[in-house]
Engineer: 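My questions all concern the structure below.
A, B, ... follow the sequence lines: proteins, then strands. Residue 1 opens every chain.
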Amino acid sequence: MKKIQLHDTLSRKRLDLVPEDGNTFRFYCCGPTVYGPAHIGNFRAFIAQDFLRRVIELSGLKTLHVRNITDVDDKTIRESIKSGVALKDFTTGWTDQFHKDANALNLLEPHIEPSAVEHIPEQIELIQNLIDKGNAYLSEDGSVYFSVHSYSDYGKLTKIDQRDLQAGAGETANDADEYTKDNVCDFVLWKAKKSEDGDNFWQSPWGDGRPGWHLECSAMGMKYLGESFDLHAGGVDLCFPHHENEIAQSEACTGKTFARHWFHNEHLMVEGSKMSKSLGNLYTLSDIIGRGYTASELRYSLLSGSYRTKINFSFDRMNEARINLQKIANIAYRLGGIDSYEDLCDIAVRDSIEMGAFESSWGALLEDLNASAALGELFGIIKNLEKKLVNGNLSESDKKICRQGLSVIVNAFGWILPEPDSLKQAVEVPEDVKVLAEQRWQAKCDKDWSESDRLRDELIALGWVIKDGKEGYDVESVD
RNA sequence: GGCGAGGUAGCAAAGUGGUAAUGCGCUGGUCUGCAAAACCGGUAUCGCGGGUUCGAUUCCCGCCCUCGCCUCCA
């Protein structure tokens, strides 16, 4: 089977995705900061990562997927204190909520989901290492900073020139911290205890305090995936400074390449601008469901454009998702259903999966997860298949292969399909509706068109639509 | 100012040096008493101006516009 190709932010090239150990693809995703409900923009990132993982696994590779929970940082501490709940309880509540949403969106569970607050010893060790190597220094207030000057490759991910950093420093510096830094671009590894942090501090060789945000991902990534691993993922906004800093502190410490491949998804936009609380254009999964849409429809929407392109969220887009998912569900039903993800992965590990007519759609996914092209191919294939099914030109063995091919595509996108239309007719029709429908059919048979049309309008008003056939009719619920 | 993404039909969105997938919508047809549903078909010369080329939407140069990052952020 063809290799997966994926764009790499660091080299800015499309590269073959190959696990370093030739066996298991090890990757790290920056997880949620659990201080409130994740919004659908956050989920775009997690869905993109899930999509990547599914394609990798369906192509026959094993993965080791680590996604952290950020449960100690400025925001979690601030919000927990504001709500009067202990940090641990506060973050546990939002972590649970995140899991519920992730589950509804059919995200595969990461193999390891480390919590930052439970890895403080590892973070302290990393800091000590950096101090010993001369890459970090202690400031007067007991904080520890990473010295950007000490790492000559600083800025390689986002192509930042150190001179530019210094030039821009005067404008972007945080006044409160400025005097403690050799260079304003130095970033904090260990934050000295402050009164506003309440009880949320830990002991360290440099006094009480807490770890800096950038550090946790380096510490946990290296702990679970090794000093060098296959891929690191996150939203584009994390490129700088978060990932740039992760690279600096990790590589300064180990002298090895931190992540071999960088995967960044673009933002989700709403009404043409970035989703944010201040603009009031922020949606959570609950908001979407409250509007009558399903999590799967959201998932379809968020994957219907390239992960590297901004997507403008809209309810028109959600409606389109609904219609298309229904179309896919209908063909899936006619082919005999969808095979489970686990079964498909089992086959993929042993052998390449036969894609049959769906080869072109799958091929598009292997080329930098080209979802748009894959969907384009998919609908073309579906159209052909329907024609064959109608004409009875699809043999049982072809049908079986098609079912498998479609199953791979459906599972790669991770859609949970709705009931096919043909099963929806089984929905219980109320007696009075049945009576009206029967009366209409009679009127129609009697060629009493005005009465027939009147009864049909009446049924529509009740929310039922008549679909006439040659020998009879069906009654279906509108929507 | 620095870095980055993007401008393709009403909307969404791929793609390619040789006259542009796909989905929604719209529209014509078949079917129907008329509809609905279904099926068949139609629907763009690719931001603007130059250049390279036999030929550019696709390559190069300039310009305009949109958006993101540069402070926390998926």
Engineer: Looking at A:E386 and A:K327, is any side-chain nitrogen of the basic one under 4.0 Å from a carboxylate oxygen of the acidic one?
Structural biologist: no
Engineer: Contact class for A:V236 vs. all strands (heavy atom < 4.0 Å): base, sugar-phosphate, or nothing?
Structural biologist: nothing
Engineer: If you look at every strand shown and take non-hydrogen atoms under 4.0 Å, does A:R12 touch a base, only sugar-phosphate, or nothing?
Structural biologist: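 Touches sugar-phosphate only.
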Engineer: Can you measure A:W262 atom CH2 to B:A74 atom P for me and round it to whole angstrom units?
Structural biologist: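 Distance check: A:W262 CH2 to B:A74 P gives 15 Å.
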Engineer: Return whichever of A:S372 or A:T158 has its heavy-atom-nearest nucleotide of RNA chain B closer to the 5' end.
Structural biologist: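 Taking each residue's closest nucleotide, the earlier one in sequence belongs to A:T158.
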Engineer: To the nearest Å, give me how far apart NZ (A:K156) and C1' (B:G4) are.
Structural biologist: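 Those two atoms, NZ and C1', are 19 Å apart.
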Engineer: Hey, are A:R317 and A:E320 close enough for a salt bridge, meaning a charged N less than 4.0 Å from a carboxylate O?
Structural biologist: no
Engineer: For the pair A:D468 and A:K444, find out whether any cationic side-chain nitrogen is under 4.0 Å from an anionic carboxylate oxygen.
Structural biologist: yes
Engineer: If you check every side-chain atom of A:F240, which of B:C39, B:C24, B:C69 has the closest atom?
Structural biologist: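 Output: B:C69.
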Engineer: Can you tell me, in whole Å, how much space there is between the C1' of B:A74 and that of B:A14?
Structural biologist: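 It works out to 24 Å between them.
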Engineer: When the C1' atoms of B:A21 and B:A12 are compared, how many Å lie between them, rounded to an integer?
Structural biologist: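 Comparing C1' positions in B:A12 and B:A21 gives a spacing of 14 Å.
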Engineer: Are any of the side-chain nitrogens in A:R456 or A:D453 under 4.0 Å away from the carboxylate oxygens of its partner?
Structural biologist: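 Judged by the 4.0 Å cut-off on N to carboxylate O distance, A:R456 and A:D453 do form a salt bridge.
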Engineer: Go through B:A74, B:C39, B:A36 for me and flag the one nearest to the A:R44 side chain.
Structural biologist: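 Shortest atom-to-atom distance from the side chain points to B:A74.
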Engineer: Reckon A:L268 touches a base, only the sugar-phosphate, or nothing at all at heavy-atom distances under 4.0 Å?
Structural biologist: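 Contact class for A:L268: base.
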Engineer: Among residues at least two apart in sequence or on other chains, which ones pass salt bridge (Lys or Arg N to Asp or Glu O under 4.0 Å) with A:D197?
Structural biologist: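 So A:D197 forms a salt bridge (Lys or Arg N to Asp or Glu O under 4.0 Å) with A:R210.
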Engineer: Would you kindly give the CD-to-P distance between A:E320 and B:C26, to the nearest whole Å?
Structural biologist: 13 Å
Engineer: Salt bridge check, A:K193 against A:D141: does any charged N sit closer than 4.0 Å to a carboxylate O?
Structural biologist: no
Engineer: Whole-Å distance between B:A5 P and A:Y307 OH?
Structural biologist: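 Roughly 13 Å, once rounded to whole Å.
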Engineer: Reckon A:T309 has a side-chain N or O less than 4.0 Å from the OP1 or OP2 of B:C67?
Structural biologist: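 No, because none of the side-chain N or O atoms of A:T309 sits under 4.0 Å from OP1 or OP2 of B:C67.
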Engineer: With rounding to whole Å, what would you report as the distance between B:C39 and B:C67 at their C1' atoms?
Structural biologist: 42 Å
Engineer: Between B:C67, B:G23, B:C73, spot the one nearest the side chain of A:L238, thanks.
Structural biologist: B:C73
Engineer: What one-letter contact string describes nucleotides 27-35 of chain B from 5' to 3', where B marks a base within less than 4.0 Å of any protein heavy atom, S marks contact via sugar-phosphate atoms alone, and - marks no contact?
Structural biologist: ------BBB
Engineer: Salt bridge between A:D73 and A:R78, side-chain N to carboxylate O under 4.0 Å?
Structural biologist: no
Engineer: With rounding to whole Å, what would you report as the distance between B:C59 and B:C46 at their C1' atoms?
Structural biologist: 16 Å
Engineer: Please set out all donor-acceptor pairs under 3.5 angstrom arising from side-chain atoms of residues 42-49 of chain A, sequence neighbours excluded.
Structural biologist:
residue : atom : partner : partner atom : Å
A:N42   : ND2  : A:H39   : ND1          : 3.3
A:R44   : NH1  : A:E266  : O            : 3.2
A:R44   : NH1  : A:H267  : O            : 2.7
A:R44   : NH1  : A:T309  : O            : 3.0
A:R44   : NH2  : A:S306  : O            : 2.8
A:R44   : NH2  : A:T309  : O            : 2.8

Engineer: Expressed as a whole number of Å, how far does the C1' atom of B:U19 sit from that of B:C3?
Structural biologist: 37 Å
Engineer: Respond yes when some side-chain nitrogen or oxygen of A:N42 is under 4.0 Å from OP1 or OP2 of B:C73, and no when none is.
Structural biologist: no
Engineer: Using whole Å, what does the distance between atom P of nucleotide B:G23 and atom CD1 of A:I381 come to?
Structural biologist: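 From A:I381 CD1 to B:G23 P: 12 Å.
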Engineer: Where the side chain of A:K310 is defined as all heavy atoms beyond and including C-beta, which of B:A5, B:A36, B:A74 is the nearest nucleotide?
Structural biologist: B:A5
Engineer: Would you classify A:G380 as touching base, sugar-phosphate or nothing, given that sugar-phosphate means primed atoms plus P, OP1 and OP2, and contacts are heavy atoms under 4.0 Å?
Structural biologist: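 Counting heavy atoms under 4.0 Å across all strands, no contact is made by A:G380.
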Engineer: Would you tell me if any nitrogen or oxygen in the side chain of A:R308 comes within less than 4.0 Å of OP1 or OP2 on B:G6?
Structural biologist: no
Engineer: Would you say the ring centers of A:F258 and A:H232 fall short of 6.0 Å from each other?
Structural biologist: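 Yes, ring centres under 6.0 Å apart.
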Engineer: Check every strand shown and say whether A:H39 touches a base, only sugar-phosphate, or nothing at a heavy-atom separation below 4.0 Å.
Structural biologist: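 A:H39: base contact, heavy atoms under 4.0 Å.
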Engineer: Quick check: on RNA chain B, is the nucleotide nearest A:F46 upstream (toward 5') of the one nearest A:E386, or the reverse? Name the residue that is more 5'.
Structural biologist: A:E386
Engineer: What integer number of Å spans the P atoms of B:G29 and B:A5?
Structural biologist: 48 Å
Engineer: Base, sugar-phosphate, or nothing for A:N324, non-hydrogen atoms under 4.0 angstrom?
Structural biologist: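 Answer is sugar-phosphate: A:N324 comes under 4.0 Å of backbone atoms only.
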Engineer: How is the base pairing of RNA chain B summarised as a dot-bracket string, given the Watson-Crick and G-U wobble criteria with both distances under 3.5 Å, [ ] for crossing and | for another strand?
Structural biologist: (((((((..(((.....[...)))((((((.......))))))...(((((..]....))))))))))))....
Engineer: Applying a 4.0 Å non-hydrogen cut-off, can you work out what A:G235 is touching in the nucleic acid: base, sugar-phosphate, or nothing?
Structural biologist: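 Sugar-phosphate, no base atom in range.
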Engineer: Between A:D73 (CG) and B:U71 (P), how many Å, whole number?
Structural biologist: 18 Å
Engineer: Using the P atom as the point on both nucleotides, what is the distance between B:U27 and B:A37, in whole Å?
Structural biologist: 13 Å
Engineer: If the condition is side chain to side chain contact (heavy atoms under 4.5 Å, CB included), which residues does A:A412 pass it with, not counting sequence neighbours?
Structural biologist: A:V55, A:L58, A:W362, A:L365
Engineer: If I pick the P atom on B:C26 and the same atom on B:A36, what distance separates them, to the nearest angstrom?
Structural biologist: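 Per the computed distance, 11 Å lies between those P atoms.
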Engineer: Just how far, in rounded Å, is C1' of B:U71 from NE2 of A:H242?
Structural biologist: 15 Å
Engineer: Please check if the distance between the ring centroids of A:Y35 and A:W94 is under 6.0 Å.
Structural biologist: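 They do not qualify: ring centres at least 6.0 Å apart.
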Engineer: Determine whether a donor-acceptor pair (one donor, one acceptor, N or O, separation below 3.5 Å) exists between the side chain of A:K274 and the base of B:C73.
Structural biologist: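 Donor-acceptor pair under 3.5 Å: yes.
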Engineer: Below 3.5 Å, can you tabulate the donor-acceptor pairs from side chains in residues 371-384 of chain A to any protein atom, sequence neighbours excluded?
Structural biologist:
residue : atom : partner : partner atom : Å
A:S372  : OG   : A:S304  : O            : 3.4
A:E377  : OE1  : A:S360  : OG           : 2.9

Engineer: Separation of A:I323 atom CD1 from B:A37 atom P, in whole Å?
Structural biologist: 11 Å
Engineer: Using only side-chain N and O atoms of A:S304, determine if any of them is under 4.0 Å from OP1 or OP2 of B:U22.
Structural biologist: no
Engineer: Would you indicate, yes or no, if B:A13 has its OP1 or OP2 atom less than 4.0 angstrom from a side-chain nitrogen or oxygen of A:R317?
Structural biologist: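 Yes, such a contact exists.
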Engineer: Which of parallel (below 30°), tilted (30 to 60°) and perpendicular (above 60°) describes A:F25 and A:F27?
Structural biologist: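 Tilted: the ring planes of A:F25 and A:F27 meet at 30° to 60°.
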